[in-house]
There are 2 protein chains.
Amino acid sequence: SHHHQHNHDKHHINQPYWAAINDQIQAHLKKVVTVKDPVSVFEPMHHLVFSSPLDTAPALCVAACDLVGGGGGCGGDQALAAAAALQIIHAAYNTHEYLPLSDRPSLMPKASPGPMGHHAFGPNVELLTGDGMVPFGLELVAKSDDPAQNSSKRILRVIVEITRAIGSLGVVDGQYSELQCSQLDGNGSWHVELINNTCEKKEGGLHACAAACGAILGGGSEEEIERLRMFGLYVGMIRGTLLRYSPEKRSIRVEELRDLALKELEGFDGANVKAISSFIEGNLSHV
Amino acid sequence: SHHHQHNHDKHHINQPYWAAINDQIQAHLKKVVTVKDPVSVFEPMHHLVFSSPLDTAPALCVAACDLVGGGGGCGGDQALAAAAALQIIHAAYNTHEYLPLSDRPSLMPKASPGPMGHHAFGPNVELLTGDGMVPFGLELVAKSDDPAQNSSKRILRVIVEITRAIGSLGVVDGQYSELQCSQLDGNGSWHVELINNTCEKKEGGLHACAAACGAILGGGSEEEIERLRMFGLYVGMIRGTLLRYSPEKRSIRVEELRDLALKELEGFDGANVKAISSFIEGNLSHV
């Protein structure tokens, strides 16, 4: 399709490819997240969805679907719905992470800088709106089922993937680690373990989930799904590492994760691999 | 089955029937909500699930499945999973409703009395745990799919039902109305409208959803599903009305809702109707 502009240098960021995917996701979000009745509910939701920084996991979902050859048909539309859901859920968690609570006065000031207008609606409305956004996102995925395509099993599998990635063993576990981390002084081995668990469960888990969902919806084989899941895990962990480690401490780790990520792409078709592998460089360039 | 003990007086509360259903739901919850690794995540979740007051909507889900004849097989197990999910989500919302936020010092002190040990873990952990419980509940429903039974479409439909009922047009809308209500003085018509919207979207919507999900999973016809949805809506609204109106103001409204609820049960099999219609009297007796 028109946005597959492959570069010959696989380390060059394929900007047009990712920009086109993000445009598609934004267009889908604008279609599904509108200010409708009751306005008191949907206005804050609209604000929070569109003022939250765009996560990179949703684009990976669409790219993974493309990579396994599912970009054109029904799977492509479903990957777009899953990507929109992931962005809405990301915005919900982002909102809850900024809620002012008595026992976490300075939660994650560095990890989520973002240009978000904080507390435009007051903490209570932000709590409720975040609570409403997660089911709203999952409903988008569930409703993307196309009975004519016999896709119900794939959609259910994607819902399990997303609920696991965002739930108690996923993002919430990462948030606990981040919280414990913020309460520790020093740089002991326990501290490093907590940071790494945060990177693995938050950015790592969400990117792994996004890539696996795209591969499932695109009709990828089990091996393709698992390879793309691992690719997502490593690139997400790179992102988390860049957010939480100082430049002098992170370079070796980032190189290791990068090699692991690229290894997972071996065996996929050459041209598309260049497009998706440029995701890593895109993440590196954001720092 | 052994717990269908029908009473001849349809206005008598069928205690053994509802007690047996609630025992089944509790047993299922004990099986799926355990204190496992990471303990820092699952211990608060376990505490919040089992210390929250048992909602009445989950039992209605199982009873509706029974009523349409789906109690024995795969549909019965799935209704139990959906009921457990509804209780976990109820506990999550209950937890979030009690979070101390600067702009709602006295939210709903009467509406949710409950024997819950508040803030055993601090607001931040309660926020995170609640956030993890909603996807955990939805995952239970998604995983209850039995590929051998070709039930994926029903399970997806149930997920859409639940995400809608708990989302921005459902419970969250009701919570907004409740919040606006708590900020108003007096008893004007706007005030009454807000209370009624709270009853309709919170207890009404959750019981409507629970009954519809039970009927869907039990293999009910579209007419049965819609009748049970309306039955659930009315009995849920009775519950909400009892929580929010003073005795002198509510009696006519409760009688009206009761008649509407019983009318929806016309056309179902006689003996089972007595069991499920006793749900209304069960709610009335709690006041």
Side-chain angles (χ1 to χ4, degrees), chain A residues 37-38 40-42 45 89 92-93 96 99-104 107 122-143 145 147 150-160 162-173 175-177 179-180 197, chain B residues 37-38 40-42 45 89 92-93 96 99-104 107 122-143 145 147 150-160 162-173 175-177 179-180 197:
Chain A
D37 261 348
S40 61
V41 174
F42 283 102
M45 178 159 155
I89 293 167
Y93 277 77
H96 280 188
L99 275 180
L101 295 176
S102 57
D103 60 347
R104 55 160 204 201
L107 185 71
N124 188 38
V125 166
E126 293 191 354
L127 172 70
L128 296 185
T129 308
D131 280 344
M133 282 156 71
V134 174
F136 183 90
L138 291 167
E139 185 187 345
L140 287 183
V141 179
K143 283 196 305 188
D145 182 36
N150 207 19
S151 60
S152 305
K153 285 194 176 61
R154 281 184 191 171
I155 297 285
L156 268 180
R157 192 169 164 187
V158 162
I159 288 172
V160 172
I162 296 176
T163 54
R164 271 189 199 157
I166 66 176
S168 311
L169 285 170
V171 171
V172 170
D173 183 28
Q175 288 176 320
Y176 272 99
S177 294
L179 173 71
Q180 290 175 285
N197 192 53
Chain B
D37 261 346
S40 61
V41 174
F42 283 102
M45 180 160 154
I89 293 168
Y93 277 77
H96 279 188
L99 276 180
L101 295 176
S102 57
D103 59 347
R104 53 160 206 203
L107 186 70
N124 188 38
V125 166
E126 294 192 353
L127 172 69
L128 295 185
T129 308
D131 280 346
M133 282 156 71
V134 173
F136 183 90
L138 291 167
E139 185 187 345
L140 288 184
V141 179
K143 284 196 304 191
D145 183 36
N150 208 20
S151 59
S152 305
K153 285 193 177 61
R154 281 183 192 172
I155 297 285
L156 269 180
R157 192 170 164 187
V158 163
I159 289 172
V160 172
I162 296 176
T163 53
R164 272 191 198 154
I166 66 176
S168 311
L169 285 170
V171 172
V172 170
D173 183 27
Q175 288 175 320
Y176 271 98
S177 294
L179 173 71
Q180 289 176 286
N197 193 53

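A note on names: the letters A, B, ... follow the listed sequences, proteins ahead of strands, and every chain is numbered from 1. Keep in mind that this is a model prediction, so the values were computed, not measured. What you see below is based on every heavy atom in this structure, not just the backbone, and it leaves out hydrogens, waters and symmetry mates.
Taking the side chain as every heavy atom from C-beta outward, B:Lys153 and A:Asn150 approach each other to under 4.5 Å. No side-chain heavy atom of A:Asp131 sits less than 4.5 Å from a side-chain heavy atom of B:Val134.
The candidate from B:Thr163, B:Ile159, B:Val160 with the greatest count of non-hydrogen atom pairs under 4.5 Å with chain A is B:Thr163. With chain A as the partner, the residue from B:Gln180, B:Lys143, B:Met45, B:Glu139 showing the most heavy-atom pairs under 4.5 Å is B:Glu139. Chosen from A:Asn197, A:Asp173, A:Leu140, the residue pairing most often with chain B at heavy-atom distances under 4.5 Å is A:Asp173. In terms of heavy-atom pairs under 4.5 angstrom with chain B, the leader among A:Ala142, A:Gly137, A:Gly130 is A:Ala142. Here A:Arg164 is the residue among A:Arg157, A:Met133, A:Arg164 with the most heavy-atom pairs under 4.5 Å with chain B. With chain B as the partner, the residue from A:Ile89, A:Thr129, A:Ile155, A:Val41 showing the most heavy-atom pairs under 4.5 Å is A:Val41.
For chain B, no part of A:Ser177 is nearby; none of its heavy atoms comes within less than 4.5 Å. Contacts between A:Val141 and chain B at a heavy-atom distance below 4.5 Å are absent for every atom of the residue. Of the atoms belonging to B:Asp37, it is backbone heavy atoms, and not side-chain ones, that fall under 4.5 Å from chain A.
When the salt bridge (charged side-chain N to carboxylate O under 4.0 Å, His left out) test is applied to B:Asp145, no partner is found at least two apart in sequence or on another chain.
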Inset, instruction - Show the numbers, then the answer: is there a side chain to side chain contact (heavy atoms under 4.5 Å, CB included) between B:Val125 and A:Leu179? - result: CA-CA 9 Å; B:Val125 166; A:Leu179 173 71; 4.1 Å; yes
Inset, instruction - Go through the steps to decide whether A:Asn124 and B:Leu99 satisfy the test side chain to side chain contact (heavy atoms under 4.5 Å, CB included), and finish with yes or no. - result: CA-CA 9 Å; A:Asn124 188 38; B:Leu99 276 180; over 6 Å; no
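In plain terms, the two heavy atoms of B:Tyr176 and A:Ser40 that are nearest each other are CE2-O, 3.4 Å. Nearest approach of A:Leu128 to B:Gln175, heavy atoms of both residues: CD2-OE1, 3.1 Å. Nearest heavy atom pair, residue A:His96 against residue B:Leu127, reads O-CD2, 3.5 Å.
Atom-to-atom distance recorded for B:Leu101:CG and A:Glu126:CD is 10.0 Å, nearest 0.5 angstrom.
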Atom pairs and distances, donor-acceptor, side-chain atoms in residues 165-172 of chain A, under 3.5 Å, two or more places apart:
none

